[in-house]
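What follows is a set of notes on a single structure, which appears directly below.
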2 protein chains.
Amino acid sequence: MANIKDVAERAGVSVATVSRVLNGHSPVAETRDRVLAAVRELGYRPNNVARALRTARTGALGLIISDLTNPFFTELADAVEDEARSLGYSLVIGNAGERPAQQDDYIRTLLDRRIDGLLVSSAGTGSAMLSEVVASGTPLVLLDRTVPGVDAPCVRADGRAALTELAAHLAALGRRRPAIIVAPAGTPTGDERLDLFRTALAAHGIALPDERVGATPDLQHTGGRRVMSDFLDLAEPPDAVLATDNLMALGAMDELRARGLRVPDDMALVVYDDVPWFTHTDPPLTAIAQPTRELGRAAVHTLLARIEGRPADPVLLPARLVTRRSCGEPPIG
Amino acid sequence: MANIKDVAERAGVSVATVSRVLNGHSPVAETRDRVLAAVRELGYRPNNVARALRTARTGALGLIISDLTNPFFTELADAVEDEARSLGYSLVIGNAGERPAQQDDYIRTLLDRRIDGLLVSSAGTGSAMLSEVVASGTPLVLLDRTVPGVDAPCVRADGRAALTELAAHLAALGRRRPAIIVAPAGTPTGDERLDLFRTALAAHGIALPDERVGATPDLQHTGGRRVMSDFLDLAEPPDAVLATDNLMALGAMDELRARGLRVPDDMALVVYDDVPWFTHTDPPLTAIAQPTRELGRAAVHTLLARIEGRPADPVLLPARLVTRRSCGEPPIG
DNA sequence: ACCACCCGTGTAATCGATTTCGTAGCCCCC
DNA sequence: GGGGGCTACGAAATCGATTACACGGGTGGT
């Protein structure tokens, strides 16, 4: 591949001039045309590695995602990729697979690659390496999940309004024994969703006792199914279940179907994260829709603000309740 | 961040020695310990950008995926990422969004970044830039989709056995009027699947006339739904439909449900790509399962072979028929 | 005891760009 | 006509690593 020296020789100028022409720095003279002609004839493209070394800017962003096969994160990654590209950045993706060790590993290689900034949707609470990122001065923005003790803005959705609305919805439909499937206590996201839901229900005089709070260490399908099974074995099973993740909701649905129970007749079901698939289930599931693509976009912008040294505030976008038929009563619209 | 010079000074040696120690080249002497100590004390990590410039190896692979939100490609990307990481490579992902122009754009920036190799699951038939990749000498491997006229090995699944089995399955269940939803004529993947299916059916004396071949320019949900709608409006509607992509199958299911038709009673449905979600639909869908993760792994290995100058043959892995209940008759197992 | 060799290490070139600094030429003005 | 200020450009330093080459000193062979 041709390099800048080849171009300079062919155009009969110095490499400095070529660089200046290409970066639009100073010259407007007729050498300009000669340089551009040489570039065209040789099919020259600047070597980004060399440029990055000199300018200390790689033009690449890193994204650590906790589970790429989870549709919510897929959409998030897609949105981030889209926005990054449209702003001239490439995206190096790392899949943590919900394993903190692998996440740390990945963060390290991304730092070694001198990415310009890092977006992390953190697995677990592994913050050791995250503090190191902050210390290294690499701009960092947390995505979807906060990590206590890490000094970086977080971009995520606020479920308060949606959960309040959901509590009202359930109350109006006469559901008196709600339950929730969450991540284990200690996970910031899970704790928050539980607290908000409980508070919202209380406003309608509905309790959410601990026996109807089911935690799954794996945030997966199997965990959701097991918790639902436990719920159904209670002396007084719940009449409505909120799954705080789409995979867990899938598992819960499978358990219901396996027992021959029907939604919404025997059990109301609500899912956190409105992935497109849920409009195709039977019945379509009422969902708490996070503004996924907006979150991705906002995260990129926040990160760019940090990269350019502008102030970057945390972003909190409201989630919405999307009522379908899985709690009974077709929506009015 | 500390650089190699800082380490050299602190250890009282030259930068060359530090480099040699770190790359395990020659010394085993006691300077080695001094160097390692200095590295630890300073928290030194080699700058990959500088290293890449010198060695002409970035340790990054590029992956162009035609649609990241399509679960099949998500799983493919996930598998590629996993394998690449475990072999010490990072992955720069580009989402072509089924737009050839965007794909070309992305390929160009990846080349500028001097990735060590490129995997492409090509959108459309846009091969202009792909030929340029080959010309540039960057190792290239095609994934899932062949591109005529591009001299690069392709890693993909072979549907022959599965489609043969499917034809037998449908014949045995008495389905006499099969139909297929495919990409428009001219798309290598679509053409091949149509031909194989038609041939396999013919062996059982079953015809696949053109009126039961529905093409959708968008390989999406809406296209699948529209084609299914057309099928149902035929004087003699089909009694079995093969959707050659999971999104199109979703659309087809929606149309059936909207018309109050039932699977498998009123219509048998088979989906290409066995994404996990389809085991949760009601009824679970019979599917042609491509060995997605194996494809991803094989693609990375083939690419590495090319990178290291070893011979790299095309890879063709067999797809399997997974019978569930969407054509009638529960599976025997 | 001398020579050849090898081992461990340092010096400096190199990768391909950007950027600082210096300079030649030109215009303008007093 | 000479000094000041531009403009357009080249020479060379620089980013942070790897590596070819040179060199000193110890070792072994004869």
Side-chain angles (χ1 to χ4, degrees), chain A residues 1-39 42-60 90 108-109 111-116 136-138, chain B residues 1-39 42-60 88 108-109 111-116 136-138:
Chain A
M1 265 189 229
N3 62 20
I4 198 173
K5 219 168 132 191
D6 301 329
V7 175
E9 270 170 29
R10 182 166 193 116
V13 299
S14 77
V15 294
T17 302
V18 176
S19 173
R20 278 188 282 247
V21 168
L22 261 38
N23 293 293
H25 275 322
S26 65
V28 208
E30 47 77 70
T31 46
R32 183 189 158 82
D33 296 334
R34 288 216 314 280
V35 170
L36 291 180
V39 165
L42 294 172
Y44 168 73
R45 308 234 77 215
N47 182 328
N48 224 298
V49 175
R51 187 201 298 251
L53 176 59
R54 180 61 230 249
T55 61
R57 290 194 58 253
T58 53
S90 301
R108 212 187 284 276
T109 70
L111 287 184
D112 290 352
R113 274 180 201 292
R114 300 298 196 269
I115 46 160
D116 292 341
S136 81
T138 304
Chain B
M1 267 190 229
N3 62 21
I4 199 174
K5 218 168 132 193
D6 301 329
V7 174
E9 271 170 28
R10 180 166 193 117
V13 299
S14 77
V15 293
T17 302
V18 175
S19 172
R20 280 188 280 247
V21 168
L22 262 39
N23 293 294
H25 275 321
S26 63
V28 207
E30 48 76 71
T31 44
R32 183 189 156 82
D33 296 333
R34 290 217 313 281
V35 169
L36 292 180
V39 165
L42 294 172
Y44 167 74
R45 310 235 77 215
N47 182 329
N48 224 297
V49 175
R51 185 198 298 247
L53 176 59
R54 182 60 230 251
T55 62
R57 289 195 55 255
T58 53
R108 214 188 281 277
T109 70
L111 287 184
D112 290 352
R113 277 183 198 292
R114 299 298 194 271
I115 46 161
D116 293 340
S136 81
T138 303

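Protein chains get the first letters and strands the later ones, always in sequence-line order, with residue 1 at the start of each. Only this structure's heavy atoms are used, side chains among them; waters, hydrogens and symmetry mates stay out.
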Query raised in the report: If you look at every strand shown and take non-hydrogen atoms under 4.0 Å, does V13(B) touch a base, only sugar-phosphate, or nothing?
Result: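 Contact class for V13(B): sugar-phosphate only.
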
Report task. Name the nucleic acid region contacted by N23(B), choosing base, sugar-phosphate or nothing; use a 4.0 angstrom heavy-atom cut-off, strictly under. Result ->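 Sugar-phosphate contact only.
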
Integer-rounded Å distance: [N] [atom2] and [X] [atom1]:
| X | N | atom1 | atom2 | answer |
| --- | --- | --- | --- | --- |
| M1(A) | dG16(C) | CE | P | 11 Å |
| R32(A) | dA8(D) | CZ | P | 12 Å |
| R54(B) | dT18(D) | CZ | P | 9 Å |
| K5(B) | dA13(D) | NZ | P | 14 Å |
| R57(A) | dT18(C) | CZ | P | 12 Å |
| N3(B) | dT18(D) | CG | C1' | 14 Å |
| D6(B) | dC15(D) | CG | P | 11 Å |
| D112(B) | dA17(C) | CG | C1' | 13 Å |

Among [options], find the nucleotide with the atom closest to the side chain of [X].
| X | options | value |
| --- | --- | --- |
| A16(A) | dT19(D), dA17(C), dT19(C) | dT19(C) |
| T55(B) | dA11(D), dT18(D), dT18(C) | dT18(D) |
| T17(A) | dT19(D), dT18(C), dC9(D) | dC9(D) |
| N47(A) | dT19(C), dG16(C), dC9(D) | dG16(C) |
| I4(B) | dA17(D), dC15(D), dA11(D) | dA17(D) |
| A50(A) | dG16(D), dT18(C), dG16(C) | dG16(C) |

Ignoring hydrogens, what is the shortest heavy-atom contact between [X] and [Y]? Give both atom names and the distance.
| X | Y | result |
| --- | --- | --- |
| Y44(A) | L22(A) | CE2-CD2, 3.4 Å |
| V13(A) | V18(A) | CG2-CG2, 3.8 Å |
| R114(B) | R45(A) | NH2-O, 3.9 Å |

Taking OP1 and OP2 of [N], is either one under 4.0 Å from a side-chain nitrogen or oxygen of [X]?
| X | N | answer |
| --- | --- | --- |
| S19(B) | dT18(D) | yes |
| H25(B) | dT18(D) | no |
| T31(B) | dT9(C) | yes |
| R51(B) | dT18(D) | yes |

**Report entry** Presence of donor-acceptor pair under 3.5 Å, side chain of R20(B) and base of dG10(C)
**Finding:**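 Indeed there is one.
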
**Report entry** N/O donor-acceptor pair, side chain R114(B) with base dG16(C), under 3.5 angstrom
**Finding:**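 It does not, because no donor-acceptor pair links the side chain of R114(B) to the base of dG16(C) below 3.5 Å.
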
**Report entry** Criterion side-chain contact (heavy atoms from CB on, under 4.5 Å) on L42(A) and V7(A), from CA distance to verdict
**Finding:** CA-CA 7 Å; L42(A) 294 172; V7(A) 175; 4.0 Å; yes

Report task. Calculate, to the nearest 0.5 Å, the distance between atoms CZ and OG1 belonging to R113(B) and T58(A) respectively. Result ->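 The OG1 atom of T58(A) is 6.5 Å from CZ of R113(B), to the nearest 0.5 Å.
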
Requested in this report: Could you go through the side-chain contact (heavy atoms from CB on, under 4.5 Å) check for R34(A) and T17(A) one step at a time?
Outcome: CA-CA 11 Å; R34(A) 288 216 314 280; T17(A) 302; over 6 Å; no

